Amino acid sequence: MLHLLGAEGQNAISFDLELALYCLDPEKRWDLQSLCHNFQKPQTTLDPKEPGYHAVYLRIFKNVMAEIKQELKDKGLWNLYQDLELPLVTALAQMEAYGILVDPTKLTDISLELEGTMEKLTETIYAEAGEEFNINSPKQLGVILFDKLGLPVLKRTKTGPSTSAEVLEELSDHPIVASVLEYRQVAKLKSTYTDSLADLISPETKRIHSTFNQTVTATGRLSSTHPNLQNIPVRTKEGRRIREAFVAPEGHVLLMADYSQIELRLLAHLSGDPILTDAFRSGQDIHAQTAAEVFGLALDEVTDEERSAAKAINFGIIYGISSFGLAKGINLTRAQAQEYIDSYFLRYPMVKAYLDGLVELGKKEGYVQTLSGRRRYLPNLKSRNYALRSFAARTAMNTPIQGSAADIIKLAMLKVYQALKDAGLKTRMLLQVHDELVLETPLEELDVAARLVKREMEEVYPLDVPLKVGVSYGPNWRDVQSFDYKE
DNA sequence: TCATGGCGA
DNA sequence: TCACGTCGCCATGAT
C-alpha cells in the first residue's frame, strides 16, 4: 500500500500522507522537498543514499503528519480523511485484488469481426479517395477531404482543418465521410477496447485488475487506469458489445446498481428549489418535467424532442451553463439557447440563486465545497482574464454537485462493503463507475445482495429528496435485466 | 512529448 | 468583446 510521489523510487511518501494531502487540496501536487519546506522547520535536506535516511524520513513523516492532521481539523476536513477516504482504501484494495472476470475468446471474436469491418471500410475509403493513405492520420485525411475532394472546411484546429466527428457529421452526405466516421468508430473499439483489454487479463486469475486512483481528480471522484474501466462503451450497439466480454463465473451473476439522476437530485437538495424538489419527491420524469416548465406545457404535451432539449438544459445547468455550450449541444442558435436558459432560471429561481451564490462565495472564501466539506480552490474567480474567470465560475457551479455525488457514492461503497462483510455474503464489489457499482454475486445470494446494495445506497445520506437506485443483473455487463426488489 | 480525437459519467 | 458546459484515460500521429 505504498504509493510513490515525485521521482520514481525516491521521495516516496506513504499513502496515508498522500491521502491526507489530497483531502487538504485535491489539486495541489507535493514532493518531499516542498513538504519539508512547508511543514518542517528547519528544512531538512535528504539524500536517499545516505545511511540513516529512513530514520530521518520517518521523523519528518511523523512531524509532517501531525501538522497536516491539525490543518485538516482546522479546515473541517478531518472526518473526510478519517471516516471516508482512509477506510475506503481497504474497499478499493479488495476490488483491485479481486478483479473482474473477462472472457478472452469473446474479445477475440469481437476483435476479428472489427478487423473484417475495418478492412472493408478501408477498401471503400481508398476507392472513394482514388488513392491509399493513412486514415488514422487527421493530417492525411484532411488532405484527401479538403484538398483533393474539395469539401468545405467548417472548423480549424491549431494545426489545420478539423476532422473531428462533429465536423464529419456535417459532411456525412459525402459517402467517403460516412465511411470514415464508421472507420473511426470501429478502429477506436478495436485498438482501445478489444486488443489492449486482452493484454491486461492476468494469466493467474484470468481477470482484469484495474487500479482505482484515489488522489487524482479535482472533484473527489475516483479515476481508473490500466485499464480505465470507467469508460467502457455503452451508447452504441456496436460499442456495447465490449461489455459482453465482462462476465461472471459459473454459478454467479454480475449485479449492477446505479444512482438515478444523483446530480440533479443533489441540485434540488443543495438549492432547495421547490419545483425541482417536488418533482423528485413525486417521482416525476425529471426531464419531461423540466420541458413542461421551460416551454410552458402540460406534462403530457411534452414531445420527445422537447424532453431531449430539456435533458440537455439539465446537464448544462450541472456543468455551469453557457448559451454557447448549450447551443452546440443541441443544435440551436445561441440566442435560442439563451432564451431556454432564461426561461429555465425564471422557473427555477432558487437554482439560479444557488449557482450565483456559489460563484460569490467562491470569490469571497477562495474555494467551493462539497457535502463532505472537500474544498476546491478557485483563485481564478478573481482573474481579469475572461476565459480563466468564466472557466472558474463554471467550475464553482459544477464541483459542489459532481463532488458531492462522489462523496455519496464513496460513503455508499463503505456501507456496502461493511454490510456484505457483516452479513457474511460472498458477494464482492468489483467496479465503481462514478454513479454505478458493479458487483459479482453467487446466484443463491442474488436476491439478498440486491436488496442489501439497494438499501445501503439509497439510505446512505438522507437528502431533502429521495435517492433512487436502479438494480439490474445478468451473466455479463451487457445482457442485464432489471431486478424487481418487490418480487 | 504534445495535439487531436473519442470513450465514459 | 473575449471564448465558449464538468471530470477523467488512452490511442494515434506528428514533432
Side-chain angles (χ1 to χ4, degrees), chain A residues 26-27 133-142 155-168 180-181 183-197 199-200 210-213 216-236 238-240 242-243 258-264 312-330 334 337-338 341 355 368 376 383-403 405-406 409 431-437 477:
Chain A
E27 290 183 281
F133 65 100
N134 185 347
I135 308 167
N136 293 320
S137 162
K139 196 175 165 187
Q140 292 185 40
L141 179 62
K155 199 177 142 195
R156 303 193 69 87
T157 66
K158 286 172 195 166
T159 49
S162 169
T163 65
S164 68
E166 192 194 334
V167 168
L168 296 189
V180 167
L181 275 170
Y183 176 93
R184 279 241 180 101
Q185 193 199 353
V186 174
K188 169 82 177 181
L189 287 176
K190 186 173 179 322
S191 69
T192 307
Y193 295 109
T194 61
D195 298 352
S196 53
L197 227 41
D199 294 340
L200 289 165
S210 179
T211 302
F212 289 96
N213 311 108
V216 166
T217 71
T219 55
R221 277 184 169 184
L222 299 176
S223 79
S224 154
T225 52
H226 309 298
N228 178 1
L229 291 181
Q230 295 179 321
N231 73 341
I232 303 299
V234 69
R235 285 169 198 179
T236 68
E238 279 305 297
R240 210 157 39 231
I242 304 294
R243 296 190 170 218
D258 70 297
Y259 279 112
S260 161
Q261 279 132 9
I262 187 170
E263 293 186 341
L264 282 175
I313 296 171
N314 278 331
F315 275 105
I317 297 295
I318 288 167
Y319 292 151
I321 202 157
S322 75
S323 55
F324 185 95
L326 182 62
K328 205 175 74 178
I330 49 180
R334 201 183 150 172
Q338 189 58 54
I341 295 169
L355 295 176
V368 292
R376 184 163 184 189
S383 171
R384 271 76 61 203
N385 178 321
Y386 174 88
L388 292 179
R389 192 172 63 248
S390 55
F391 186 85
R394 289 194 297 276
T395 308
M397 296 187 262
N398 173 261
T399 294
I401 299 172
Q402 192 184 115
I409 195 165
L431 310 176
Q432 188 249 53
V433 189
H434 304 313
D435 63 357
E436 171 189 20
L437 296 180
W477 202 4

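Within every chain, numbering begins at 1; the chains are lettered A, B, ... in the order of the sequence lines, protein sequences first and strands thereafter. Not measured: the values here are computed from a predicted model.
- Residues A:Leu431 and A:Leu437 form no side-chain contact, since every pair of their non-hydrogen atoms from C-beta on lies 4.5 Å or further apart.
- Going from the P atom of B:dT4 to that of C:dA3 covers 16 Å, rounded to whole Å.
- Among the heavy atoms of the strands, none lies under 4.0 Å from A:Ile318.
- In this structure, A:Gln140 and A:His226 both approach DNA chain C, and ranking their closest nucleotides by distance from the 5' end singles out A:His226.
- Between C:dA14 and A:Thr159, no contact under 4.0 Å exists linking OP1 or OP2 to a side-chain N or O.
- Of all nucleotides listed (B:dG5, C:dA11, C:dC4), B:dG5 comes nearest to the side chain of A:Thr163.
- Note on A:Ala327: nothing from the nucleic acid sits closer than 4.0 angstrom, heavy atoms only.
- The nucleotide whose nearest atom lies closest to any side-chain atom of A:Asp435 is, among C:dT6, B:dA9, B:dC7, B:dA9.
- To the nearest angstrom, P of C:dG5 lies 16 Å from CG of A:Leu355.
- Expressed to the nearest 0.5 Å, how far CG of A:Leu264 lies from CD1 of A:Ile317 amounts to 9.5 Å.
- The side chain of A:Ala387 approaches C:dA3 more closely than any other nucleotide in the set C:dA3, C:dG8, C:dG5.
- Within the 4.0 angstrom heavy-atom criterion, only backbone atoms of the sugar-phosphate kind lie near A:Ser224; the bases stay farther away.
- With distances taken from any side-chain atom of A:Arg221 to the nucleotides B:dA9, C:dG5, C:dA3, the minimum falls on B:dA9.
- Across all strands, A:Asn134 comes closer than 4.0 Å only to sugar-phosphate atoms, never to a base (heavy-atom distances).
- Distance noted for atom P between C:dC4 and B:dG5: 15 Å (whole Å).
- The separation between A:Ile341 atom CD1 and C:dG5 atom P is 11 Å, rounded to whole Å.
- In this structure, of C:dG5, B:dA9, B:dG6, it is C:dG5 that holds the atom nearest to the side chain of A:Leu326.
- Picking from B:dG8, C:dA11, C:dC9 the nucleotide with the shortest atom distance to the side chain of A:Ser196 gives C:dA11.
- Distance, A:Gln432 CD to C:dC9 P: 13 Å, rounded to whole Å.
- Within 4.0 Å (heavy atoms only), A:Ser323 reaches no atom of the nucleic acid at all.
- Side-chain proximity of A:Gln402 to C:dC7, C:dA3, B:dT4: nearest is C:dC7.
- Using a 4.0 Å cut-off, no side-chain N or O of A:Thr219 falls inside it from OP1 or OP2 of C:dC7.
- Side-chain proximity of A:Asn398 to C:dC10, C:dT12, C:dT6: nearest is C:dT6.
- The two residues A:Gln338 and A:Ser323 come nearest to each other via the heavy atoms OE1-CB, 3.2 Å.
- Nucleic acid contact class of A:Ala312 (heavy atoms, under 4.0 Å, all strands): base.
- Between the C1' atom of C:dT6 and the CG atom of A:Asn314 lies a distance of 15 Å, rounded to the nearest Å.
- In this model, the phosphate group of B:dG8 is approached by a side-chain N or O of A:Arg235 to a distance below 4.0 Å at OP1 or OP2.
- For A:Asn136 and C:dG13, the shortest distance from a side-chain N or O to OP1 or OP2 is below 4.0 Å.
- Within the structure, a side-chain polar atom (N or O) of A:Ser137 is placed less than 4.0 Å from OP1 or OP2 of C:dA14.
- Closest non-hydrogen pair, A:Arg235 versus A:Arg240, comes out as O-NH1, 3.7 Å.
- Proximity note for A:Ser223 (side chain, C-beta onward) versus C:dG8, B:dG6, B:dG8: the nearest is C:dG8.
- Counting any heavy atom pair closer than 4.0 Å across all strands shown, A:Arg184 reaches sugar-phosphate atoms only and no base atom.
- Nearest heavy atom pair, residue A:Ile330 against residue A:Ala312, reads CG2-CB, 3.2 Å.
- Regarding A:Leu229, its CG atom lies at a distance of 13 Å from the P atom of C:dC9, rounded to whole Å.
- One can place CE of A:Met397 at 10 Å from P of C:dT6, the figure rounded to the nearest angstrom.
- Here A:Ser390 lies out of heavy-atom contact (under 4.0 Å) with every strand.
- A salt bridge is absent between A:Glu238 and A:Arg184: the closest approach of a Lys/Arg side-chain nitrogen to an acidic carboxylate oxygen does not fall below 4.0 angstrom.
- Not a single donor-acceptor pair, N or O on each side, falls under 3.5 Å between the base of C:dG13 and the side chain of A:Lys139.
- With a 6.0 Å radius and a threshold of 12 heavy atoms from other residues, nucleotides or ligands, A:Phe315 has its CZ atom at or below the threshold.
- The CD atom of A:Glu263 sits 7 Å away from the C1' atom of B:dA9 (whole-angstrom rounding).
- Distances shorter than 4.0 Å separate none of the side-chain N or O atoms of A:Lys188 from OP1 or OP2 on B:dG5.
- Residues A:His434 and A:Gln402 fail the side-chain proximity criterion, which asks for heavy atoms closer than 4.5 Å.
- In this structure, A:Asn385 atom CG and C:dT1 atom C1' are separated by 13 Å, rounded to whole Å.
- Taking the side chain of A:Asn228 as heavy atoms from C-beta on, and the options B:dG6, C:dC9, B:dG8, the nearest nucleotide is C:dC9.
- An OP1 or OP2 oxygen of C:dC7 is reached within less than 4.0 angstrom by a side-chain nitrogen or oxygen of A:Arg376.
- When heavy atoms are screened at a 4.0 angstrom cut-off, A:Ala218 is found touching the sugar-phosphate backbone but no base atom.
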